[in-house]
Amino acid sequence: MTFQNELINWYLVNKRDLPWRHTNDAYTIWLSEIILQQTRVEQGLPYFNKFLENFPTVLDFAAATEARVLKLWQGLGYYSRGRNMHATAQIVVRDFNGIFPYLHDELIKLKGIGEYTAAAISSFSSGEARAVVDGNVFRVLARFYGIDTPINSPSGKKEFFALANELLYKADPALYNQSIMEFGAIQCKPKSPNCGICPLSQQCFAFNNNMVNVLPVKLKKASQKHRFINYFICESDDQVLVIERQAGDIWQHLYDFPSIETHTQIDIYSPEFALEVKETFGNDASFILQSAKRHILTHQIIHLQFFALKNYIFNFNKQKELNWVSLVKLDELPQPKVIHDFVQEYFYKHKME
DNA sequence: GTCCAGCGTT
DNA sequence: AACGCTGGAC
């Protein structure tokens with residue numbers, strides 16, 4: 001049996017009974033699709049009912065105030081969806097005589113309707129042959145066909161949209177679109193899909209190659225997490241104080257220096273920073289900035305500052321991982337690259353000037 | 001507490 | 001490429 005027929009057969013047996021599946025009215029389907037963007041069915045369902053009760057037609061929607069729309073939207077998140085809906089309802093009344101558009105090329109021009117939603121409304125309401133490509137479709141196709149192109153990359157989107165439209169079941173686009181999305185939502189789930197009862201598992205690339213947990217591939221967004229680590233270089237005779245980094249953080253079992261970490265960029269001349277240094281290193285401690293660096297890891301952007309510290313005091317009993325080492329020994333210790341770079345600059349190049 | 005899912009706009 | 005929100009899984 002074909003991929004498409006397997007999905008449709010599965011759907012006819014397993015589909016959830018959802019209210020927007022009993023209509024081909026474009027306005028009602030639009031309500032459901034906007035509400036279900038970035039929203040799970042269980043959360044969106046009561047909102048769909050509430051909106052349909054308050055605004056049985058697009059005329060009722062357009063006549064409402066934006067404040068009333070947003071009040072009804074309260075708790076659903078991404079409030080621009082509600083604002084865009086209100087604007088679109090008024091455009092439909094003004095430019096389409098209150099008849100909600102049902103063709104893709106008209107729908108795509110409306111506020112809050114992108115490629116996915118235009119395909120969904122057009123296929124469900126008028127049977128137009130447009131393949132829906134939502135998160136469920138990306139997942140089903142990536143797993144079944146073994147596609148590892150990142151789904152959130154420009155090339156990945158082209159690839160998946162092209163494949164989805166090739167696969168579209170032209171005899172009944174609406175039925176097929178519903179089938180593949182529902183299959184992704186409740187059978188081919190993101191986490192722990194039940195492949196043991198999947199009718200497609202024998203032909204599924206991911207299942208046959210033990211890749212269900214790695215497909216689809218998604219590019220990780222560059223992390224916004226910033227860390228600010230202020231290092232203090234303590235020297236005595238020909239030795240320097242180092243610290244072995246412990247479990248539970250980056251750079252486990254590599255060596256760096258005693259540090260004070262903050263959540264924001266500190267002003268090194270502020271009294272607060274001076275006070276914290278004195279609390280940590282003693283009242284006579286003083287410090288001079290030597291270097292500042294930025295280091296990028298997969299999930300973190302680390303802002304480092306290095307200070308030379310004078311007249312410090314340490315409670316060595318509580319700092320077992322602290323060690324005095326010679327420069328020769330230091331060079332033998334494993335260090336994060338950014339620390340090693342600093343060491344080279346500070347203890348060698350800098351000192352020779 | 002942290003991570004992740006999920007479309008459209010700018 | 002960044003941003004908008006919430007709920008659910010872990």
Side-chain angles (χ1 to χ4, degrees), chain A residues 16 18 20 29-48 50-51 66 69-89 91 101 104-124 130-143 150-158 160-161 164 177-178 180-194 212-227 247-250 263 296-301:
Chain A
R16 293 167 290 186
L18 299 171
W20 46 85
I29 293 166
W30 167 71
L31 277 183
S32 71
E33 288 299 339
I34 304 297
I35 287 170
L36 292 175
Q37 286 172 3
Q38 292 96 305
T39 305
R40 287 170 179 78
V41 166
E42 310 83 70
Q43 190 196 2
L45 187 51
Y47 286 84
F48 171 80
K50 190 162 63 171
F51 270 84
E66 185 184 90
V69 172
L70 292 177
K71 182 64 182 175
L72 285 169
W73 199 270
Q74 184 178 289
L76 202 48
Y78 289 136
Y79 295 92
S80 66
R81 289 183 292 170
R83 294 196 302 273
N84 285 334
M85 277 190 114
H86 187 237
T88 287
I91 290 168
H104 173 279
D105 291 350
E106 296 292 344
L107 290 161
I108 195 73
K109 298 176 191 166
L110 298 171
K111 286 189 175 182
I113 297 181
E115 279 300 335
Y116 162 75
T117 306
I121 299 173
S122 64
S123 69
F124 299 157
R130 298 280 181 167
V132 293
V133 186
D134 72 345
N136 296 307
V137 175
F138 277 119
R139 185 168 56 257
V140 171
L141 296 183
R143 286 176 176 166
I151 62 172
N152 55 344
S153 66
S155 64
K157 282 179 182 163
K158 283 185 65 178
F160 281 94
F161 270 82
N177 278 341
Q178 291 280 18
I180 191 169
M181 288 197 290
E182 187 78 340
F183 181 80
I186 65 181
Q187 168 60 40
C188 196
K189 297 180 294 182
K191 290 179 183 171
S192 27
N194 190 351
V212 170
N213 292 327
V214 300
L215 294 175
V217 173
K218 192 182 281 191
L219 290 177
K220 290 171 187 169
K221 54 182 179 181
S223 175
Q224 294 282 92
K225 183 173 181 181
H226 290 259
R227 296 175 66 174
D249 201 357
I250 57 170
H263 294 293
I296 299 175
L297 304 176
T298 306
H299 295 102
Q300 308 187 22
I301 299 174

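In what follows, every chain begins at residue 1, and chains take the letters A, B, ... in the order their sequences are listed. Computed over heavy atoms, backbone and side chain alike; hydrogens, waters and symmetry mates excluded.
- In this structure, the CG atom of A:Leu36 is 19 Å from the P atom of C:dC5, given to the nearest Å.
- For the pair A:Leu70 CG and C:dG4 C1', the interatomic distance rounds to 14 Å; values are reported in whole Å.
- The distance from atom CD of A:Gln38 to atom C1' of B:dC4 is 14 Å, rounded to the nearest whole Å.
- Within 4.0 Å of A:Ile113, counting heavy atoms only, lie sugar-phosphate atoms of the nucleic acid but no base atom.
- When rounded to the nearest whole Å, the span between CG of A:Asn213 and P of B:dC4 equals 14 Å.
- If you measure from atom CG of A:Leu76 to atom P of C:dG4, you get 17 Å, rounded to the nearest angstrom.
- Where A:Tyr78 and A:Leu110 each meet DNA chain B at their nearest nucleotide, the meeting point lying more 5' is that of A:Tyr78.
- Counting any heavy atom pair closer than 4.0 Å across all strands shown, A:Tyr116 reaches sugar-phosphate atoms only and no base atom.
- In terms of modelled atom types and a separation under 3.5 Å, the side chain of A:Arg81 and the main chain of A:Gln37 share a donor-acceptor contact.
- Between the side chain of A:Arg143 and the backbone N or O of A:Val212, at least one donor-acceptor pair lies under 3.5 Å.
- Within the 4.0 angstrom heavy-atom criterion, no nucleotide atom of any strand lies near A:Lys157.
- At distances below 3.5 Å, not a single donor-acceptor pair connects side-chain atoms of A:Arg16 with backbone N or O atoms of A:Val41.
- The backbone N or O of A:Gly184 lies less than 3.5 Å from a partner atom in the side chain of A:Arg139, making a donor-acceptor pair.
- For A:Tyr116 and A:Glu33, the side-chain atoms include at least one donor-acceptor pair closer than 3.5 Å.
- Note on A:Arg83: nothing from the nucleic acid sits closer than 4.0 angstrom, heavy atoms only.
- The ring of A:Trp73 has its center no closer than 6.0 angstrom to the ring center of A:Tyr78.
- Between the side chain of A:Tyr47 and the backbone N or O of A:Gln74, at least one donor-acceptor pair lies under 3.5 Å.
- What separates CD1 of A:Ile35 from P of B:dC7 is a distance of 15 Å, to the nearest Å.
- Between A:Val133 and A:Ala164, the shortest heavy-atom distance links the atoms CG2-CB, 3.7 Å.
- Summarising the geometry, the separation between CG on A:Asp134 and C1' on B:dG8 is reported as 14 Å, rounded to the nearest angstrom.
- Residue A:Tyr79 places at least one side-chain N or O closer than 4.0 Å to OP1 or OP2 of C:dT6.
- When the side-chain nitrogen and oxygen atoms of A:Thr117 are compared with OP1 and OP2 of B:dG8, one or more of them lie within a distance under 4.0 Å.
- When the P atom of B:dG6 is taken as reference, atom CZ of A:Arg81 falls 14 Å away, rounded to whole Å.
- Taking side-chain N and O atoms only, A:Asn136 has no distance below 4.0 Å to OP1 or OP2 of B:dA5.
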If you restrict it to nitrogen or oxygen atoms, what contacts under 3.5 Å exist between nucleotides 7-10 of chain C and the protein, and what is each distance?
none

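- Taking for each of A:Ser80 and A:Pro154 the nucleotide of DNA chain C with the nearest heavy atom, the 5'-most of the two is the partner of A:Pro154.
- Phosphate contact (OP1/OP2 of B:dG8, side-chain N/O of A:Gln37, threshold under 4.0 Å): present.
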